[in-house]
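All values below were derived from every heavy atom in this structure, side-chain atoms included, with hydrogens, water molecules and symmetry-related copies excluded. Each chain gets a letter, A, B and so on, in the order its sequence line appears, and its residues count up from 1. Quick caveat: nothing in here was measured; it's all calculated off a predicted structure.
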Amino acid sequence: MPELPEVETVMRTLQPKLIGLKIIAAQILLPKIIRTPDIDEFKEKITGRKILKINRRGKYLLFILNDGLNLLFHLRMTGNLVYCQQDEPLSKYTHLVLALDNSCHLRFADMRQFGRIWLVPASSMNSLSGFKDLGVEPLGAVFTTSYLKKELKRRHVRIKPLLLDQTFIAGLGNIYTDEALHRAKINPERLATTLNPREITRLHHAIRDVLQEGIENRGTTVRDFIDGNGRPGNYQELLRVYNREGKPCRRCGQNILRKKIGGRSSYYCPACQKI
DNA sequence: ATGACGTCCTGCCTGC
DNA sequence: TGCAGGCAGGACGTCA
(Lines give C-alpha, C1' and ligand atoms only; values in the text may rest on other atoms or scores of the structure.)
Protein backbone atom coordinates (compact mmCIF):
# COMPACT_ATOMS: atom_id res chain seq x y z
CA MET A 1 0.00 0.00 0.00
CA PRO A 2 1.87 3.06 -1.07
CA GLU A 3 1.56 5.73 1.62
CA LEU A 4 3.54 8.96 1.90
CA PRO A 5 7.01 7.36 2.32
CA GLU A 6 6.45 4.97 -0.58
CA VAL A 7 5.17 7.70 -2.90
CA GLU A 8 8.11 9.89 -1.85
CA THR A 9 10.46 6.99 -2.65
CA VAL A 10 8.93 6.55 -6.11
CA MET A 11 9.33 10.27 -6.70
CA ARG A 12 12.97 10.29 -5.60
CA THR A 13 13.83 7.29 -7.78
CA LEU A 14 12.09 8.68 -10.85
CA GLN A 15 13.24 12.28 -10.60
CA PRO A 16 16.86 11.79 -11.75
CA LYS A 17 15.78 9.57 -14.63
CA LEU A 18 12.85 11.51 -16.04
CA ILE A 19 13.51 15.22 -15.71
CA GLY A 20 13.92 16.79 -19.13
CA LEU A 21 12.64 13.80 -21.10
CA LYS A 22 9.87 14.11 -23.64
CA ILE A 23 6.87 11.78 -23.86
CA ILE A 24 6.64 10.67 -27.49
CA ALA A 25 3.74 8.20 -27.29
CA ALA A 26 1.14 6.83 -24.86
CA GLN A 27 -0.30 3.34 -24.92
CA ILE A 28 -3.41 2.86 -22.78
CA LEU A 29 -4.22 -0.78 -22.02
CA LEU A 30 -6.92 -0.20 -19.40
CA PRO A 31 -8.87 2.96 -20.24
CA LYS A 32 -10.81 3.23 -16.97
CA ILE A 33 -7.67 4.13 -14.98
CA ILE A 34 -7.54 7.46 -16.83
CA ARG A 35 -10.04 9.65 -14.96
CA THR A 36 -9.69 12.68 -17.16
CA PRO A 37 -9.68 13.52 -20.04
CA ASP A 38 -11.02 10.77 -22.33
CA ILE A 39 -8.35 8.50 -23.78
CA ASP A 40 -8.14 10.13 -27.22
CA GLU A 41 -7.63 13.56 -25.71
CA PHE A 42 -5.22 12.11 -23.14
CA LYS A 43 -3.03 10.64 -25.88
CA GLU A 44 -3.17 13.78 -27.97
CA LYS A 45 -2.37 16.14 -25.08
CA ILE A 46 0.41 14.11 -23.50
CA THR A 47 2.29 13.40 -26.71
CA GLY A 48 5.21 15.78 -27.15
CA ARG A 49 5.08 17.05 -23.53
CA LYS A 50 8.29 17.40 -21.61
CA ILE A 51 8.66 16.35 -17.95
CA LEU A 52 9.85 19.44 -16.08
CA LYS A 53 9.49 18.37 -12.47
CA ILE A 54 8.04 15.65 -10.22
CA ASN A 55 6.32 16.53 -6.94
CA ARG A 56 4.38 14.71 -4.25
CA ARG A 57 1.26 15.87 -2.44
CA GLY A 58 -0.11 13.43 0.13
CA LYS A 59 -0.20 10.09 -1.69
CA TYR A 60 -0.40 11.73 -5.12
CA LEU A 61 2.52 11.87 -7.54
CA LEU A 62 2.47 15.03 -9.56
CA PHE A 63 4.33 15.38 -12.87
CA ILE A 64 4.72 18.98 -13.99
CA LEU A 65 4.78 19.03 -17.80
CA ASN A 66 5.39 21.91 -20.15
CA ASP A 67 2.48 23.93 -21.58
CA GLY A 68 0.90 24.15 -18.10
CA LEU A 69 -0.17 20.53 -17.87
CA ASN A 70 -0.02 18.29 -14.79
CA LEU A 71 -0.04 14.51 -14.86
CA LEU A 72 -1.27 13.01 -11.59
CA PHE A 73 -0.97 9.44 -10.33
CA HIS A 74 -2.58 7.82 -7.31
CA LEU A 75 -1.20 4.32 -6.72
CA ARG A 76 -3.90 3.29 -4.20
CA MET A 77 -3.26 -0.29 -3.04
CA THR A 78 -1.11 -2.07 -5.57
CA GLY A 79 -0.16 0.49 -8.20
CA ASN A 80 3.42 1.04 -9.29
CA LEU A 81 5.24 3.37 -11.63
CA VAL A 82 8.47 2.05 -13.06
CA TYR A 83 11.10 3.45 -15.41
CA CYS A 84 12.59 0.72 -17.62
CA GLN A 85 14.05 -0.16 -21.01
CA GLN A 86 11.50 -0.37 -23.81
CA ASP A 87 12.36 -4.02 -24.58
CA GLU A 88 11.55 -5.10 -21.00
CA PRO A 89 8.57 -7.53 -21.24
CA LEU A 90 5.21 -6.01 -20.25
CA SER A 91 3.66 -7.35 -17.06
CA LYS A 92 0.04 -8.48 -17.39
CA TYR A 93 -0.92 -5.69 -14.98
CA THR A 94 0.56 -2.85 -17.05
CA HIS A 95 -2.19 -0.37 -17.87
CA LEU A 96 -0.31 2.63 -19.25
CA VAL A 97 2.97 2.89 -21.14
CA LEU A 98 4.59 6.26 -21.78
CA ALA A 99 7.34 6.04 -24.39
CA LEU A 100 10.15 8.54 -23.80
CA ASP A 101 12.55 10.19 -26.23
CA ASN A 102 15.54 8.26 -24.83
CA SER A 103 14.11 4.87 -25.90
CA CYS A 104 12.97 4.09 -22.34
CA HIS A 105 9.50 3.62 -20.87
CA LEU A 106 7.60 4.89 -17.88
CA ARG A 107 5.01 2.21 -17.08
CA PHE A 108 2.04 2.25 -14.75
CA ALA A 109 0.93 -1.18 -13.51
CA ASP A 110 -1.69 -2.13 -10.94
CA MET A 111 -2.84 -5.64 -10.11
CA ARG A 112 -6.08 -4.54 -8.44
CA GLN A 113 -6.85 -1.76 -10.87
CA PHE A 114 -7.63 0.74 -8.10
CA GLY A 115 -4.97 3.25 -9.13
CA ARG A 116 -6.01 6.39 -11.01
CA ILE A 117 -4.46 8.87 -13.43
CA TRP A 118 -5.44 12.45 -14.31
CA LEU A 119 -4.09 14.85 -16.93
CA VAL A 120 -5.21 18.37 -16.11
CA PRO A 121 -4.17 21.97 -16.65
CA ALA A 122 -2.20 23.21 -13.64
CA SER A 123 -4.80 25.97 -13.29
CA SER A 124 -7.66 23.54 -12.61
CA MET A 125 -5.97 21.39 -9.97
CA ASN A 126 -8.10 23.00 -7.29
CA SER A 127 -11.25 21.55 -8.82
CA LEU A 128 -10.09 17.93 -8.66
CA SER A 129 -12.13 16.12 -6.03
CA GLY A 130 -9.90 14.24 -3.61
CA PHE A 131 -6.86 16.32 -4.46
CA LYS A 132 -8.27 19.74 -3.71
CA ASP A 133 -9.41 18.80 -0.19
CA LEU A 134 -6.13 17.25 0.94
CA GLY A 135 -5.11 18.17 4.48
CA VAL A 136 -1.79 19.34 5.83
CA GLU A 137 1.53 17.74 4.77
CA PRO A 138 2.74 15.92 7.89
CA LEU A 139 6.41 16.61 7.12
CA GLY A 140 5.74 20.24 6.23
CA ALA A 141 6.21 23.39 8.31
CA VAL A 142 2.47 23.89 8.96
CA PHE A 143 2.12 20.58 10.80
CA THR A 144 3.26 21.54 14.28
CA THR A 145 2.36 20.29 17.75
CA SER A 146 0.19 23.34 18.33
CA TYR A 147 -1.56 22.83 14.99
CA LEU A 148 -2.36 19.25 15.96
CA LYS A 149 -3.58 20.33 19.42
CA LYS A 150 -5.89 22.93 17.90
CA GLU A 151 -7.31 20.54 15.30
CA LEU A 152 -7.82 17.54 17.61
CA LYS A 153 -9.80 19.63 20.07
CA ARG A 154 -12.72 19.99 17.68
CA ARG A 155 -12.81 16.51 16.18
CA HIS A 156 -15.31 14.17 17.83
CA VAL A 157 -13.95 10.99 16.30
CA ARG A 158 -11.64 8.14 17.20
CA ILE A 159 -8.01 8.95 16.58
CA LYS A 160 -7.26 6.10 14.17
CA PRO A 161 -9.93 6.85 11.54
CA LEU A 162 -9.09 10.55 11.88
CA LEU A 163 -5.42 9.99 11.06
CA LEU A 164 -6.49 8.00 8.00
CA ASP A 165 -8.70 10.88 6.82
CA GLN A 166 -6.76 12.47 3.93
CA THR A 167 -8.58 15.78 4.40
CA PHE A 168 -7.13 15.94 7.92
CA ILE A 169 -3.51 14.89 7.27
CA ALA A 170 -2.41 14.01 3.73
CA GLY A 171 -0.39 10.86 3.27
CA LEU A 172 -0.93 8.59 6.27
CA GLY A 173 -2.29 5.11 5.57
CA ASN A 174 -2.93 2.04 7.67
CA ILE A 175 0.70 1.06 8.22
CA TYR A 176 2.19 4.37 9.37
CA THR A 177 -0.91 5.28 11.39
CA ASP A 178 -0.62 2.11 13.47
CA GLU A 179 3.13 2.61 13.84
CA ALA A 180 2.74 6.23 14.95
CA LEU A 181 0.01 5.42 17.50
CA HIS A 182 2.15 2.64 18.97
CA ARG A 183 5.15 4.94 19.35
CA ALA A 184 3.00 7.59 20.93
CA LYS A 185 1.46 4.95 23.25
CA ILE A 186 -2.06 5.90 22.21
CA ASN A 187 -4.86 3.37 21.78
CA PRO A 188 -6.33 3.62 18.25
CA GLU A 189 -9.88 3.80 19.66
CA ARG A 190 -9.25 6.87 21.83
CA LEU A 191 -11.43 9.85 21.00
CA ALA A 192 -9.37 12.66 19.50
CA THR A 193 -10.80 15.20 21.94
CA THR A 194 -9.61 13.18 24.98
CA LEU A 195 -5.88 13.24 24.13
CA ASN A 196 -3.92 15.32 26.61
CA PRO A 197 -1.17 17.78 25.56
CA ARG A 198 1.62 15.35 26.36
CA GLU A 199 0.00 12.64 24.26
CA ILE A 200 -0.53 15.04 21.36
CA THR A 201 3.10 16.11 21.49
CA ARG A 202 4.15 12.46 21.44
CA LEU A 203 1.80 11.75 18.54
CA HIS A 204 3.12 14.68 16.54
CA HIS A 205 6.71 13.49 16.97
CA ALA A 206 5.75 9.87 16.30
CA ILE A 207 4.01 10.73 13.01
CA ARG A 208 7.00 12.67 11.74
CA ASP A 209 9.49 10.06 12.95
CA VAL A 210 7.78 7.05 11.37
CA LEU A 211 7.32 8.84 8.05
CA GLN A 212 10.92 10.03 8.05
CA GLU A 213 12.21 6.56 8.90
CA GLY A 214 9.98 5.07 6.23
CA ILE A 215 11.52 7.39 3.65
CA GLU A 216 15.05 6.71 4.88
CA ASN A 217 14.41 3.00 4.45
CA ARG A 218 12.93 3.47 0.96
CA GLY A 219 9.39 2.55 1.98
CA THR A 220 7.60 -0.53 3.28
CA THR A 221 7.05 -3.61 1.13
CA VAL A 222 4.49 -5.83 2.84
CA ARG A 223 3.56 -7.49 -0.41
CA ASP A 224 3.65 -5.42 -3.58
CA PHE A 225 5.42 -2.09 -3.22
CA ILE A 226 8.27 -1.32 -5.61
CA ASP A 227 9.98 2.01 -6.30
CA GLY A 228 10.57 3.74 -9.64
CA ASN A 229 13.39 1.31 -10.39
CA GLY A 230 11.31 -1.76 -9.57
CA ARG A 231 12.97 -2.40 -6.19
CA PRO A 232 11.17 -3.17 -2.90
CA GLY A 233 11.58 -1.09 0.25
CA ASN A 234 13.17 -2.09 3.56
CA TYR A 235 11.03 -0.57 6.28
CA GLN A 236 8.92 -3.76 6.76
CA GLU A 237 11.85 -5.12 8.80
CA LEU A 238 11.49 -2.28 11.28
CA LEU A 239 7.71 -2.23 11.77
CA ARG A 240 6.74 -2.50 15.44
CA VAL A 241 3.05 -3.40 15.21
CA TYR A 242 1.70 -3.48 11.65
CA ASN A 243 1.19 -7.03 10.35
CA ARG A 244 2.56 -8.42 13.64
CA GLU A 245 -0.58 -9.90 15.20
CA GLY A 246 0.33 -12.44 17.92
CA LYS A 247 3.98 -11.44 17.90
CA PRO A 248 5.63 -9.81 20.93
CA CYS A 249 5.60 -6.04 21.24
CA ARG A 250 9.14 -4.81 20.63
CA ARG A 251 8.79 -2.49 23.61
CA CYS A 252 7.16 -4.63 26.33
CA GLY A 253 6.87 -8.18 25.00
CA GLN A 254 3.06 -8.37 25.19
CA ASN A 255 1.39 -9.96 22.15
CA ILE A 256 0.26 -7.53 19.46
CA LEU A 257 -3.52 -7.53 18.90
CA ARG A 258 -5.48 -6.88 15.73
CA LYS A 259 -8.90 -5.28 15.77
CA LYS A 260 -11.22 -3.70 13.20
CA ILE A 261 -11.60 -0.01 13.88
CA GLY A 262 -13.66 2.06 11.48
CA GLY A 263 -13.63 -0.89 9.09
CA ARG A 264 -9.82 -1.11 8.99
CA SER A 265 -7.48 -3.64 10.57
CA SER A 266 -5.64 -2.01 13.42
CA TYR A 267 -2.58 -3.48 15.11
CA TYR A 268 -1.67 -2.34 18.61
CA CYS A 269 -0.10 -3.41 21.88
CA PRO A 270 -2.74 -3.76 24.63
CA ALA A 271 -0.16 -2.99 27.31
CA CYS A 272 1.60 0.01 25.75
CA GLN A 273 -1.58 1.46 24.26
CA LYS A 274 -4.19 1.26 27.00
CA ILE A 275 -7.62 2.84 26.49
C1' DA B 1 -20.94 16.28 11.70
C1' DT B 2 -20.27 11.56 11.94
C1' DG B 3 -20.41 6.81 10.87
C1' DA B 4 -21.67 2.68 8.53
C1' DC B 5 -21.69 0.40 4.41
C1' DG B 6 -21.24 -0.69 -0.63
C1' DT B 7 -18.21 -0.38 -4.64
C1' DC B 8 -14.12 -1.29 -7.24
C1' DC B 9 -10.67 -5.76 -8.08
C1' DT B 10 -7.75 -9.83 -7.68
C1' DG B 11 -4.59 -12.78 -5.16
C1' DC B 12 -4.43 -15.33 -1.22
C1' DC B 13 -6.11 -17.94 2.56
C1' DT B 14 -9.36 -21.12 4.71
C1' DG B 15 -12.42 -24.87 4.81
C1' DC B 16 -14.47 -28.69 2.75
C1' DT C 1 -5.70 -31.75 -5.22
C1' DG C 2 -9.13 -28.64 -6.41
C1' DC C 3 -12.72 -25.61 -5.82
C1' DA C 4 -15.84 -22.14 -3.60
C1' DG C 5 -16.24 -18.42 -0.77
C1' DG C 6 -14.57 -14.85 2.10
C1' DC C 7 -11.31 -11.30 2.96
C1' DA C 8 -8.27 -7.20 2.50
C1' DG C 9 -7.98 -2.42 1.54
C1' DG C 10 -7.85 3.63 -0.18
C1' DA C 11 -10.96 6.61 -1.64
C1' DC C 12 -15.40 7.97 -2.62
C1' DG C 13 -20.39 7.95 -2.91
C1' DT C 14 -24.76 7.12 -0.58
C1' DC C 15 -27.64 6.79 3.19
C1' DA C 16 -28.93 7.05 8.14
Side-chain angles (χ1 to χ4, degrees), chain A residues 1-10 29-36 56-62 72-81 90-96 108-118 120 125-138 150-181 188-195 211 214 219-226 232 236 239 241-246 256-268:
Chain A
M1 291 157 269
E3 304 179 24
L4 188 153
E6 288 73 38
V7 179
E8 180 75 19
T9 300
V10 173
L29 299 114
L30 185 71
K32 69 167 184 185
I33 57 156
I34 313 279
R35 299 310 294 209
T36 186
R56 179 193 57 73
R57 173 79 173 100
K59 301 179 197 171
Y60 288 81
L61 261 181
L62 187 51
L72 261 81
F73 293 88
H74 197 302
L75 305 175
R76 294 281 183 96
M77 311 282 298
T78 52
N80 62 68
L81 201 53
L90 277 191
S91 112
K92 69 179 210 181
Y93 305 119
T94 300
H95 306 318
L96 172 71
F108 175 79
D110 187 356
M111 185 179 75
R112 292 196 188 163
Q113 306 179 12
F114 283 177
R116 292 293 178 258
I117 300 169
W118 300 257
V120 292
M125 293 288 288
N126 51 10
S127 62
L128 272 188
S129 77
F131 187 85
K132 68 173 161 59
D133 298 318
L134 285 175
V136 66
E137 279 292 325
K150 181 166 62 90
E151 292 297 317
L152 289 183
K153 210 160 29 179
R154 56 193 187 85
R155 295 298 215 117
H156 298 269
V157 278
R158 289 168 299 176
I159 188 67
K160 163 89 193 248
L162 180 60
L163 294 178
L164 288 175
D165 181 349
Q166 299 302 298
T167 68
F168 183 64
I169 297 175
L172 287 177
N174 216 25
I175 298 174
Y176 293 94
T177 299
D178 281 358
E179 292 298 313
L181 287 170
E189 294 194 273
R190 290 276 302 280
L191 285 175
T193 46
T194 68
L195 299 190
L211 293 175
T220 303
T221 300
V222 172
R223 185 169 293 167
D224 303 291
F225 171 70
I226 49 174
Q236 61 281 1
L239 296 176
V241 281
Y242 185 81
N243 215 19
R244 297 192 66 244
E245 183 183 18
I256 300 300
L257 298 183
R258 171 182 174 164
K259 184 177 184 184
K260 280 248 185 194
I261 300 167
R264 299 283 166 231
S265 280
S266 300
Y267 299 88
Y268 66 99

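Side-chain N/O atoms of Arg258(A) and Ser265(A) include a donor and acceptor closer than 3.5 Å.
Across all strands, Ser265(A) comes closer than 4.0 Å only to sugar-phosphate atoms, never to a base (heavy-atom distances). Within the 4.0 angstrom heavy-atom criterion, no nucleotide atom of any strand lies near Tyr267(A). No engagement by Phe131(A) is indicated, since no non-hydrogen atom pair under 4.0 Å with the nucleic acid exists. Residue Arg35(A) is classed as having no contact, given no heavy-atom separation below 4.0 Å to the nucleic acid. Within the 4.0 angstrom heavy-atom criterion, base atoms lie near Met77(A). Contact annotation for Arg264(A): base contact, defined as any heavy-atom pair under 4.0 Å involving a base atom.
Here the OG1 atom belonging to Thr78(A) is positioned 9.0 Å from the OH atom belonging to Tyr93(A), to the nearest 0.5 angstrom. Rounded to the nearest 0.5 Å, atoms OG1 (Thr220(A)) and CG (Asn243(A)) are 10.5 Å apart.
Considering only residues two or more places apart in sequence or on other chains, Lys132(A) meets the side-chain hydrogen bond (donor to acceptor under 3.5 Å, both in side chains) condition with none of them. In this view, Thr94(A) and Leu29(A), Leu90(A), Ser91(A), Val97(A), Arg107(A), Ala109(A) satisfy the side-chain contact (heavy atoms from CB on, under 4.5 Å) rule, not counting sequence neighbours. A search for salt bridge (Lys or Arg N to Asp or Glu O under 4.0 Å) contacts involving Arg76(A) returns nothing, not counting sequence neighbours.
Closest heavy-atom contact between Val241(A) and Tyr268(A): CG1-CA, 4.2 Å.
Between Leu239(A) and Tyr267(A), the closest side-chain pair of non-hydrogen atoms is not below 4.5 Å.
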Protein and nucleotides 10-13 of chain B: nitrogen or oxygen contacts under 3.5 angstrom:
residue: dT10(B); atom: OP1; partner: Gln113(A); partner atom: NE2; Å: 2.7
residue: dG11(B); atom: OP1; partner: Tyr93(A); partner atom: OH; Å: 2.4

Dump every N/O contact between nucleotides 1-4 of chain B and the protein below 3.5 Å, one line per pair.
residue: dT2(B); atom: OP1; partner: His156(A); partner atom: N; Å: 3.1

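Running 5' to 3' along DNA chain C, contacts with non-hydrogen atoms of chain A at under 4.0 Å begin and end at dA8(C) to dC12(C).
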Assess the residue pair Tyr242(A) and Val222(A) against the criterion (side-chain contact (heavy atoms from CB on, under 4.5 Å)); give the C-alpha distance rounded to whole Å, side-chain angles, the decisive distance to 0.1 Å, and a yes or no. CA-CA 10 Å; Tyr242(A) 185 81; Val222(A) 172; 3.9 Å; yes

What do the steps show when you test Trp118(A) against Phe131(A) for ring pair (Phe, Tyr, Trp, His ring centres under 6.0 Å), and what is the final call? CA-CA 11 Å; Trp118(A) 300 257; Phe131(A) 187 85; 8.4 Å; no

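A salt bridge between Glu3(A) and Lys59(A) is absent, with no side-chain N of the basic residue lying under 4.0 Å from a carboxylate O of the acidic one.
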